[in-house]
Amino acid sequence: MPVAKKFWLMKSEPDAFSFDDLMAEPDATAHWDGVRNYQARNMMRDDMQVGDKVFFYHSRTKPPHIAGIATVVKAGYPDHTALDPKAPYFDAKSDPENPRWFMVDIQGERALDPVVSLDDLKDNPALEEMKVVQKGQRLSVQPVTQAEYDEVLRMEERMRTNS
DNA sequence: GCCAACGTTGGC
DNA sequence: GCCAACGTTGGC
């Protein structure tokens, strides 16, 4: 029996890698390398599965917002950039025989229209439990519930039809 | 650019 | 194994 689809939010600084970058070529995929946090690592290694849906979130921008939707196309596998001394996220403690860091591959699905800003999320009482609106929540990979996922898409729909 | 919040490191 | 120091994240 297939594992139930799950939902995630992944943060990127658009100056480094934006949703537009992901969508620049049709059907292009990206590997989500460079995550060096154990909680995020564990989710990518253990919990994310092909077919899971991902909110692509732009952080450190004005305003921060969910830019689009992506799909996981490859489940967790070792992040080779941790093993490359010339790579910016090289980690001397990661070992090819026992890799410390993992990544997943995602493919862009569609941009949100309009994007849903962090303020929009905070203004919605239905989303007060959502991780990304919690103060001090820095995890770059976060689980999202199906209810939260559906609610964000309803917000997008409302904002589009009201404009 | 500031700085609060948080995760990691390493001396003890 | 505690915890101060340090580095990073990310909203503001």
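Just so it is clear: chains get the letters A, B, ... in the order the sequence lines come, proteins before strands, and each one is counted from 1.
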Separation of Asp91(A) atom CG from dG7(B) atom C1', in whole Å? 14 Å
How many Å lie between CD on Gln137(A) and C1' on dG10(C), as a whole number? 11 Å
Apart from Met48(A) itself, what residues make up its hydrophobic cluster when side-chain heavy atoms of I, L, V, M, F, W and Y under 4.5 Å apart count as a link, directly or indirectly? Trp8(A), Met10(A), Phe17(A), Phe19(A), Leu22(A), Met23(A), Trp32(A), Val35(A), Met43(A), Met44(A), Val54(A), Phe56(A), Val72(A), Val104(A), Ile106(A), Leu139(A), Val141(A)
Taking Glu128(A) for its side chain and Gln134(A) for its backbone only, find out whether a donor-acceptor pair lies under 3.5 Å. no
Tell me which nucleotide among dT8(B), dG11(C), dA5(B) gets nearest to the side chain of Pro64(A). dG11(C)
Would a 4.5 Å heavy-atom cut-off, applied to side chains only, mark Glu156(A) and Asp113(A) as touching? yes
Among Lys122(A), Gln137(A), Gln142(A), which residue satisfies the side chain to side chain contact (heavy atoms under 4.5 Å, CB included) criterion with Val132(A)? Gln142(A)
Examine dG11(C): is either OP1 or OP2 under 4.0 Å from a nitrogen or oxygen in the side chain of Lys135(A)? Give yes or no. no
Mapping Arg100(A) and Arg138(A) to their closest nucleotides on DNA chain B, which lands nearer the 5' end? Arg138(A)
Evaluation steps, side chain to side chain donor-acceptor pair (under 3.5 Å), between Thr81(A) and Arg36(A): CA-CA 11 Å; Thr81(A) 67; Arg36(A) 299 290 180 266; 3.1 Å; yes
For atom CG of Asn37(A) and atom C1' of dG10(C), their distance in whole Å: 14 Å
Taking dG10(C), dG10(B), dC12(C) as options, the one with an atom nearest any side-chain atom of Lys93(A) is dG10(B)
Can you tell me if Phe90(A) has over 12 outside heavy atoms packed within less than 6.0 Å of its CZ? yes
Taking the six-membered ring for Trp and the full ring for Phe, Tyr or His, determine whether the centres of Phe102(A) and Tyr77(A) are under 6.0 Å apart. no
Step through it carefully: locate the ring centre of Trp101(A), locate the ring centre of Tyr38(A), and say whether they are under 6.0 Å apart. yes
Minimum-distance nucleotide to Lys62(A) side chain [options: dG11(C), dC12(C), dA5(B)]: dC12(C)
Can you confirm whether Met130(A) sits close enough to Glu151(A) that some side-chain heavy atom of one is under 4.5 Å from a side-chain heavy atom of the other? no
Within less than 4.0 Å of OP1 or OP2 of dT9(C), is there a side-chain N or O belonging to Lys11(A)? no
Tyr38(A) OH - dT8(C) P separation (whole Å): 15 Å
Figure out the CD/P separation between Glu13(A) and dT8(C), and round it to whole Å. 12 Å
May I ask you to verify if any side-chain N or O of Tyr89(A) is less than 4.0 angstrom from the OP1 or OP2 atom of dT8(C)? no
CD of Gln134(A) versus C1' of dA4(B): gap in Å, rounded? 16 Å
How close or far is atom C1' of dC12(C) from atom NE2 of His65(A), stated in whole angstroms? 16 Å
Output the residues of residues 112-125 of chain A in contact with DNA chain C, where contact means a heavy atom of the residue under 4.0 Å from an atom of the strand; sort by number or write none. Leu118(A), Lys122(A)
Please tell me if the side chains of Arg100(A) and Asp95(A) come closer than 4.5 Å, counting only heavy atoms from C-beta onward. no
Rounding to an integer number of Å, can you tell me how far Arg36(A) CZ sits from dT8(B) C1'? 15 Å
What bend angle does the helix from dG1(B)-dC12(C) to dC12(B)-dG1(C) show across its length, from five-pair end axes and to the nearest 10 degrees? 10°
